[in-house]
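For reference, the structure discussed in these notes is given below.
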Number of protein chains: 2
Amino acid sequence: MLPEHARAHNRSLVLQALFHQGPSSRADLARSTGLTRVTVSDLVSVLISEGLVAELGVRPEGRVGKPATLVGMRTEEFQVVAVDLADDASLRGAVMTLTGAVVARRTVSLDGRTGDAAVGVLEDLCRELLAAADRPVVGVGIGSPGVIDASGVVVQAPNRGWYDLPLADLLAERLGVPVQVANDANTHALGEYTYGGATGAGLMVVTVGQGLGAGIVLDGALVRGRAHAAGEIGHVTVVDDRDVRAGDPEPRPCACGRAGCLETLLSLPALRRATAGRTPQESDAVLASVGRKLGVALAPVVSALNLAEVLLSGPPELLDGALRVEALATLRARTLPLLGQDLVLRMGSLDEDGALSGAAALVLSGQLGVT
Amino acid sequence: MLPEHARAHNRSLVLQALFHQGPSSRADLARSTGLTRVTVSDLVSVLISEGLVAELGVRPEGRVGKPATLVGMRTEEFQVVAVDLADDASLRGAVMTLTGAVVARRTVSLDGRTGDAAVGVLEDLCRELLAAADRPVVGVGIGSPGVIDASGVVVQAPNRGWYDLPLADLLAERLGVPVQVANDANTHALGEYTYGGATGAGLMVVTVGQGLGAGIVLDGALVRGRAHAAGEIGHVTVVDDRDVRAGDPEPRPCACGRAGCLETLLSLPALRRATAGRTPQESDAVLASVGRKLGVALAPVVSALNLAEVLLSGPPELLDGALRVEALATLRARTLPLLGQDLVLRMGSLDEDGALSGAAALVLSGQLGVT
DNA sequence: TCGATTAGTAAGGAAGGTGTACTAACAAAC
DNA sequence: GTTTGTTAGTACACCTTCCTTACTAATCGA
């Protein structure tokens with residue numbers, strides 16, 4: 001650990017405080033970071049010279065003493081490019097401000113391209129978005145399905161035909177801009193933490209889309225796992241022979257080659273198939289049974305990690321009803337009351353752009369140290 | 001972050017390298033820590049002046065260049081006091097060297113005392129052990145059941161009658177020695193990581209004793225959880241009405257007030273009761289069924305965290321047979337092959353003194369930054 | 001014997017943060 | 001109106017920490 005690392009850390013501390021608390025005086029920042037006013041002044045002057053921070057004038061409230069000069073992060077004067085690769089058919093991208101507001105959108109079709117051709121499509125989309133930005137771009141953030149390591153190498157993403165592809169380095173070189181890549185469900189969790197106001201003390205975000213994924217944030221940091229595959233809960237078995245004997249329908253075969261995986265019940269295709277043509281009552285019963293399976297599967301995770309919040313991300317009409325209620329009831333019933341009673345199970349705060357916000361959060365985290 | 005924090009970090013880096021790699025030259029340390037030889041020399045000279053490190057003479061092997069002077073951590077010249085409070089009837093303590101070798105033991109009976117009286121018994125035991133040490137004592141480490149926060153406050157330990165008790169600070173003041181306190185299952189995990197050679201990239205240690213506990217180490221650090229209750233997997237429900245319909249015996253009532261908790265099947269009393277008077281074949285069948293329940297409960301945790309190792313701690317005659325085999329088979333069958341195939345499920349490397357080693361590891365971690 | 005290589009140290013410098021002391025600006029009390 | 005107390009921000013000297021560079025020491029191999 002070098003002095004410059006400490007410096008970078010303190011710089012992030014200041015930026016983080018400004019990002020989450022909004023405009024503050026240097027003295028406020030000194031109090032909330034634990035640094036001295038002198039050090040904060042120095043850091044702020046550097047940040048101002050870089051354009052990341054600006055003085056906003058004197059604080060209006062009349063308190064005793066010299067009135068404070070507010071400084072704020074210029075979140076609207078910089079932009080990030082965010083790309084969501086979750087969909088198999090098309091790439092969705094956006095230019096966003098640092099607060100996550102969408103400035104411009106682009107969507108391109110993959111037309112079945114994979115491997116290098118898919119990288120080419122992605123690169124073109126990024127170029128188009130970089131050109132669409134009307135402010136300096138801090139970096140490019142990409143949320144992709146698959147297993148991705150901490151340095152942005154796609155270890156495997158079968159649907160894109162990518163294996164051991166150093167996507168972040170490759171795009172950074174071609175685009176001339178910093179690029180961050182991470183698993184889409186993981187970035188989603190980071191997004192809920194950074195933009196959605198979720199706790200960093202024990203957060204799990206369950207993303208229901210074409211498949212089922214999850215991301216976990218503990219102590220403010222993403223959990224990556226031994227093989228960078230943390231969060232892959234879609235293929236936990238939740239229906240087996242014993243469940244059938246107890247009255248469950250036969251387990252459905254799964255794309256992974258097994259049967260009875262959670263993803264065969266809890267994914268958009270599965271939920272739509274299960275509720276299609278049903279009355280609301282019938283649908284609720286089906287959704288409740290899925291919620292129960294989710295609760296059973298999550299109970300050990302909530303217990304082992306003593307999670308504070310579990311968020312669901314996906315269409316509210318499917319998730320935010322009987323499914324969520326039953327999942328929470330099941331979780332409460334199957335965990336130690338101390339653990340379950342204060343647990344929050346709610347819908348994510350980010351809308352359908354959650355994946356993009358997550359990718360943007362990835363850039364904030366990687367380039368500015370702000371989470 | 002102050003320069004002195006960076007300094008402390010680098011100091012721990014050097015100690016950690018010496019602890020795990022054994023005697024090394026200053027140049028070796030520079031290479032493995034990433035610091036320069038100059039800085040390492042400086043840090044080593046401080047450590048030598050404190051007596052923690054000593055020069056051991058010239059490295060025997062003849063390589064080109066000036067022969068290296070080996071320096072090593074004086075692990076036998078310092079001791080720690082470790083106490084295990086897992087047992088309801090008595091307190092077990094030991095004086096250990098920094099490598100975890102037991103120098104002296106003491107056990108005292110609680111005789112049913114709780115609350116302040118139990119603290120008194122613990123304090124007396126610590127004094128006795130401190131007196132029994134024949135080398136400078138680095139600190140006192142205590143593994144206790146219950147919920148304990150990061151600063152050593154026992155939030156609740158019902159069996160001892162402790163609630164919001166700042167045990168670490170209290171004993172540190174009375175004994176005049178640094179004191180570290182943590183949950184017994186968590187310290188156990190730390191012990192397996194520090195002394196048992198387990199990975200720090202995703203480790204869970206399941207401790208089977210009077211009850212059932214677990215500790216999780218991710219990225220080299222203990223997971224604490226929102227309410228400091230991480231690892232409390234004993235009261236996850238694993239037998240419910242549906243399981244009964246599928247052929248399971250009726251769920252047993254649990255001390256927590258519910259029924260069908262994992263702890264009602266997987267704990268020493270439960271396992272002894274279930275195997276008492278059975279033939280080996282019958283016992284194995286029972287143990288296998290418990291192993292299956294454990295595997296079902298752990299599958300979501302292994303998947304969500306992408307764990308590398310799960311260790312079992314407890315009597316091998318009960319755990320290291322059908323139970324372990326069936327648990328591993330169940331885990332493999334119920335998780336994504338990518339996650340399950342490389343998963344290791346084995347017995348912990350530490351023997352019956354595992355809890356004490358864990359408490360010692362707590363001191364090493366807290367006082368010297370070595371894990 | 002001489003060059004190459006490695007270990008370790010000394011000296012100077014750069015970076016980063018603090019402590020102290022100062023000015024500026026305001027509110028409340030007298 | 002003046003004084004007193006409080007808060008904000010900055011200037012400057014100092015301390016800590018690490019690095020770079022340059023040096024000595026010790027060994028091997030040609």
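Per chain, numbering begins at 1; letters A, B, ... match sequence-line order. Remember, it's a predicted structure, so these values are computed and weren't measured experimentally.
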**OP:** Starting from C1' on D:dT10, measure out to CD on A:Glu55 and report it in whole angstrom.
**Re:** 13 Å

Original post:
Judged by atom type as modelled, is there a donor-acceptor pair below 3.5 Å linking the side chain of B:Thr194 to the main-chain atoms of B:Thr371?
Top reply: yes

Subject >> Given D:dT17, D:dT10, D:dT27, the nucleotide with the shortest approach to the side chain of A:Val38 >> reply: D:dT10

Original post:
Between the side chains of B:Asp134 and B:Gln79, is a donor N or O closer than 3.5 angstrom to an acceptor N or O?
Top reply: yes

**OP:** Rounded off to whole Å, could you give me the CG-to-P distance for the A:Leu13 and C:dG17 pair?
**Re:** 11 Å

Original post:
Which one, C:dC26, C:dA7, D:dT27, comes nearest to the side chain of B:Pro67?
Top reply: D:dT27

Subject >> Protein-nucleotide distance (A:Lys66, atom NZ; C:dT23, atom P), rounded to Å >> reply: 13 Å

Original post:
Base, sugar-phosphate alone, or nothing: which one does A:Arg11 contact when heavy atoms must sit under 4.0 Å apart?
Top reply: nothing

**OP:** Report the distance from atom CZ of A:Arg59 to atom P of C:dA27, rounded to the nearest whole Å.
**Re:** 14 Å

**OP:** Select one nucleotide: of C:dT18, D:dA8, D:dC19, the one nearest the side-chain heavy atoms of B:Leu2.
**Re:** C:dT18

**OP:** Using atom NE2 of A:His9 as one end and atom C1' of C:dA15 as the other, report the distance to the nearest whole Å.
**Re:** 17 Å

Original post:
Under 4.0 Å: is that the gap between some side-chain N or O of A:Thr36 and OP1 or OP2 of C:dT18?
Top reply: yes

**OP:** Would you classify B:Asp42 as touching base, sugar-phosphate or nothing, given that sugar-phosphate means primed atoms plus P, OP1 and OP2, and contacts are heavy atoms under 4.0 Å?
**Re:** nothing

**OP:** Report the distance from atom CG of B:Leu70 to atom P of C:dT6, rounded to the nearest whole Å.
**Re:** 17 Å

Original post:
Atom CG of A:Leu35 to atom P of C:dT18: distance rounded to whole Å?
Top reply: 6 Å

Original post:
5'-most contact on DNA chain D: B:Pro3 or A:Gly65, nearest heavy atom basis?
Top reply: A:Gly65

**OP:** Give the nucleotide from the list C:dG17, C:dT9, D:dT7 with an atom nearest to the side chain of B:Arg26.
**Re:** C:dT9

**OP:** Report the distance from atom CZ of B:Arg7 to atom C1' of C:dG17, rounded to the nearest whole Å.
**Re:** 16 Å

**OP:** Answer with base, sugar-phosphate or nothing: what part of the nucleic acid does A:Arg37 contact at a heavy-atom distance below 4.0 Å?
**Re:** base

**OP:** Tell me whether the OP1 or OP2 atom of D:dC18 has a side-chain N or O from B:Asn10 closer than 4.0 Å.
**Re:** yes

**OP:** Check every atom of C:dG16, D:dG9, D:dT27 against the side chain of B:Val64 and return the nucleotide holding the closest atom.
**Re:** D:dT27

Original post:
Does a salt bridge link A:Glu50 with A:Arg74, judged by any charged N lying under 4.0 Å from a carboxylate O?
Top reply: no

Original post:
Any Lys/Arg nitrogen of A:Asp42 or A:Arg26 sitting under 4.0 Å from an Asp/Glu carboxylate oxygen of the other?
Top reply: no

Subject >> Given C:dT9, C:dG16, C:dA4, the nucleotide with the shortest approach to the side chain of B:Ser41 >> reply: C:dT9

**OP:** State, with a plain yes or no, whether a side-chain heavy atom of B:Phe78 is found less than 4.5 Å away from one of B:Thr97.
**Re:** no

Original post:
Nearest to the side chain of A:Thr39 - D:dG9, C:dT18, D:dC19?
Top reply: C:dT18

Subject >> Minimum-distance nucleotide to A:Glu4 side chain [options: D:dC18, C:dG16, C:dG17] >> reply: C:dG16

**OP:** Would you mind reporting whether B:Leu171 and B:Val140 have side-chain heavy atoms less than 4.5 Å apart?
**Re:** no

Original post:
Below 4.0 angstrom from OP1 or OP2 of D:dT7, is there any side-chain N or O of A:Ser25?
Top reply: no

